[in-house]
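Scroll down for the structure; my scribbles are underneath it.
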Amino acid sequence: KKKKKKKPPVCRTLVSIMDLSNLDATQVKLLKEECILVDENDRVIGSESKKNCHLNSNIRAGMLHRAFSVFLFNTKGELLLQQRATAKITFPECFTNTCCSHPLYHPSELEEEGNVGVRRAAQRKLNHELGIPNDQVANGRTICSGPHCIIVCL
């Protein structure tokens, strides 16, 4: 008998999902979080819901928002990849970097000096998605840090 190949995960975007009623309640709730809107020079100009930030119509209209990616390595130089949960609204079951998300529009994550706000956002999401305690990330050796990417060795 010939083995059936597993179908690759379906990668959805919000533009393809107009009815959110049949989706995971936690994921729908997260769409209400307020992201940081920025201009082309990454200057804060306001806030908007994560849902509205990810609508293709708003992206085509030039709406920009802050986001970040975390690449987490162990002491052997191995990268921790994550397979997104089936319940995720966008890109379910796809393999991705360690963690990606958005700094939110509140004072602790708006702080720009030394990229402190995005570091706090990354700690929040690493704890939420992977259960990594904030102090463990804070004590890791940061190889590279910018407003949109953090690389840490634990």
Side-chain angles (χ1 to χ4, degrees), residues 1-17 20 23-38 40-42 44 47-51 53-56 59 63-154:
K1 278 186 166 179
K2 201 174 190 180
K3 279 188 176 180
K4 283 187 178 181
K5 284 188 178 182
K6 187 177 176 185
K7 290 183 180 180
V10 175
C11 293
R12 310 182 282 243
T13 61
L14 285 181
V15 75
S16 65
I17 304 167
L20 302 178
L23 298 172
D24 180 78
T26 300
Q27 294 300 311
V28 172
K29 182 180 175 186
L30 291 172
L31 288 176
K32 296 176 183 173
E33 291 180 330
E34 289 291 306
C35 293
I36 302 168
L37 291 182
V38 295
E40 331 41 69
N41 297 307
D42 198 36
V44 177
S47 69
E48 188 56 73
S49 72
K50 189 182 301 181
K51 177 185 175 187
C53 286
H54 288 164
L55 293 174
N56 279 346
I59 294 167
M63 182 184 286
L64 301 173
H65 66 283
R66 285 194 180 151
F68 63 84
S69 293
V70 176
F71 298 87
L72 199 59
F73 293 87
N74 64 16
T75 55
K76 293 189 260 181
E78 297 169 323
L79 172 63
L80 175 62
L81 294 178
Q82 176 181 186
Q83 184 175 19
R84 291 172 64 85
T86 303
K88 287 284 193 181
I89 294 173
T90 56
F91 310 108
E93 299 180 11
C94 291
F95 283 91
T96 66
N97 54 16
T98 308
C99 175
C100 57
S101 191
H102 308 83
L104 300 179
Y105 193 81
H106 54 72
S108 68
E109 295 184 15
L110 280 163
E111 192 172 334
E112 295 182 357
E113 184 73 30
N115 302 311
V116 171
V118 73
R119 286 172 178 265
R120 288 178 181 143
Q123 288 175 320
R124 173 178 52 81
K125 289 309 288 185
L126 284 166
N127 184 276
H128 172 248
E129 291 189 7
L130 300 170
I132 299 172
N134 291 356
D135 62 336
Q136 190 173 354
V137 177
N139 294 330
R141 184 171 55 93
T142 301
I143 297 172
C144 172
S145 178
H148 310 291
C149 179
I150 299 171
I151 300 175
V152 179
C153 281
L154 294 182

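- The minimum heavy-atom distance linking Lys125 with Cys99 is given by the pair CB-SG, 3.6 Å.
- Taken to the nearest 0.5 Å, the NZ atom of Lys88 stands 7.0 Å off from the CG atom of Leu30.
- Residues passing the salt bridge (charged side-chain N to carboxylate O under 4.0 Å, His left out) test with Glu109, sequence neighbours excluded: Arg124.
- Contact check for Glu34 versus Ser49: side-chain heavy atoms found under the 4.5 Å cut-off.
- Every side chain to side chain contact (heavy atoms under 4.5 Å, CB included) that Glu111 has, sequence neighbours left out, goes to Val116, Arg120.
- Closest approach of Met63 and Cys53 over heavy atoms only: SD-CA, 3.9 Å.
- Every side chain to side chain contact (heavy atoms under 4.5 Å, CB included) that Leu79 has, sequence neighbours left out, goes to Phe71, Phe73, Leu81, Thr98.
- The shortest non-hydrogen separation linking Val118 to Pro103 is CG2-CG, 4.3 Å.
- Distance check: Leu130 CG to Leu72 CG gives 8.0 Å after rounding to the nearest 0.5 Å.
- Residues Arg66 and Val44 have side chains in contact (heavy-atom distance under 4.5 Å, counting atoms from C-beta outward).
- Annotation: side chain of Thr86 is in contact with side chain of Glu93 (closest heavy-atom distance under 4.5 Å).
- In terms of the side chain to side chain contact (heavy atoms under 4.5 Å, CB included) criterion, Lys29 has no residue partners (sequence neighbours excluded).
- The CD1 atom of Ile89 sits 10.0 Å away from the CZ atom of Arg84 when rounded to the nearest 0.5 Å.
- Contact check for Ile36 versus His102: no side-chain heavy atoms found under the 4.5 Å cut-off.
- Scanning for side chain to side chain contact (heavy atoms under 4.5 Å, CB included) contacts around Asp24 gives Thr26, Gln27, Ala87, with sequence neighbours left out.
- Within the structure, ring pair (Phe, Tyr, Trp, His ring centres under 6.0 Å) contacts touching residues 105-128 (residues at least two apart or in different chains) do not occur.
- Taken to the nearest 0.5 Å, the CG atom of Leu23 stands 8.5 Å off from the CG atom of Leu31.
- Of all non-hydrogen atoms in Cys100 and Glu129, the two that sit nearest each other are O-OE2, 4.1 Å.
- Leu37 approaches Ser47 most closely through the heavy-atom pair CD1-O, 3.6 Å.
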